[in-house]
Amino acid sequence: MPDLIYLDNAATAFPKPSSMIDSMAQFYREYGVNPGRSGYDLAVEAGLLIDRARRTLDTFFNNPAHDYNRLTFGNNASDALNLIIQGICRPGDHVVSTKLEHNSVLRPLYEMQERGVITHELVPFDTDGFVDPEQIARRIKDDTRLVVVNHGSNVLGTVQPIAEIGRICRERGVTFAVDVAQTAGVIPIDMAAMQIDVLAFTGHKSLMGPTGIGGLAVGPDVPIRSTRWGGTGVKSAVRTHLEEFPFRCEIGTANTIGIAGLQAGLEWITERGINRIREHEMELTRILTEGLQDIAGVTVYCAGWSDRHLPVVTCNVADMEAGETGMILDVEYDIATRTGLHCAPLAHVGIGTAPKGAVRFAIGPFNTEEHVRTAVEAMQEISVLRQPRSA
Ligand SMILES: Cc1ncc(COP(=O)(O)O)c(C=O)c1O
């Protein structure tokens, strides 16, 4: 696909670094066995790879627990958020979250409320796409167990004031969980400084890993329980699932090839420098946003290029349906975007774009100035289709 302009990096980063792809092939060529606790060399090597990735991510998120086994692996952010919500909440608990959440938070909350286990409240966001921490503070009650907040919106690209929310939660004694699916690898995340108790990450977006790998970083004193039980590879005679980390949050054979790729993705980010990647992406975001804002009939929602924004620009062309705009971008211009509700329907309700949604451009490290300038030109031409014809 030499001509494709890929601007769907919020869905998954593409392309991926070749070092990441090579590391996955190397795993299966050289030591692709079950890490388990067997003593033979290859099993030890596979186990060491997992340990190394736990340490890398533990340091990356600056977990104040200083126990790398509290970095646990699962499938993706959705899997980790399910574990957080179901593993922390007890019957009768109250949860506070926001209207910016992805369905990976909303649906577990709806489901648990439906089953009569919890109640929840969702805090709105302002016209610029930000949640006011005071609104969260006002909703915390005696029975509030958990506050769960999306760090960076996959629809609006706005970054929430996590440290301020963290301070409030710590003062009120409420567990604070953060969905860093869109921010990990884009913005430095410091669990200690931001007072994050537990976070959910996914490997295939800005961490530049493959799909199928994600997990949790569990801080000290987080009352999370196992929600699934099974093999751990150790202490097989014990009848109950192991309480100790990482087993508490993991079951079965690990996705070792995914972990190999994620480790290589992290190394690639670290070598390039997260700040350098961000500078590049935000400069492209500025060019794209300004270009789109200059087009008559195009509405851009909450985008910006400050330190409170991600390289995500969401817009619509006059009354054209987002799906149609995306289809023209794809078919006529070979530009890949994501249209619709982006699994975050309440974000679209908030900006008035539900139920049809909007067109999302999401920039990644491999995009160039030419890519975003071509996207602006394409949108300019598409918008002309919607201009009233002169007589
Ligand atoms: C903000 C946010 N949270 C959670 C997720 C879920 O990530 P995954 O599909 O990797 O589970 C996404 C994916 O788009 C997201 O954007």
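Remember, it's a predicted structure, so these values are computed and weren't measured experimentally. All ligand and atom numbering here is 1-based and tracks the order in the structure. In what follows, residues are counted from 1 in the order of the sequence shown.
Legend: side chain to side chain donor-acceptor pair (under 3.5 Å) pairs involving residues 206-229, not counting sequence neighbours, sorted by first then second residue: Asp79-Arg228.
Atom NZ in Lys16 sits 8.5 Å away from atom CD1 in Ile21 (nearest 0.5 Å).
Protein neighbours of ligand 1 below 4.0 Å, counting non-hydrogen atoms: Asn76, Ala77, Ser78, His102, Ser104, Asn150, Asn154, Asp179, Ala181, Gln182, Thr202, His204, Lys205.
A salt bridge is absent between Glu134 and Arg138: the closest approach of a Lys/Arg side-chain nitrogen to an acidic carboxylate oxygen does not fall below 4.0 angstrom.
Residues passing the side chain to side chain donor-acceptor pair (under 3.5 Å) test with Gln160 are Thr158, sequence neighbours excluded. Residues satisfying the side chain to side chain donor-acceptor pair (under 3.5 Å) criterion with Glu121, sequence neighbours excluded, are His94.
Side-chain polar atoms of His371 and Thr374 form no donor-acceptor pair below 3.5 angstrom.
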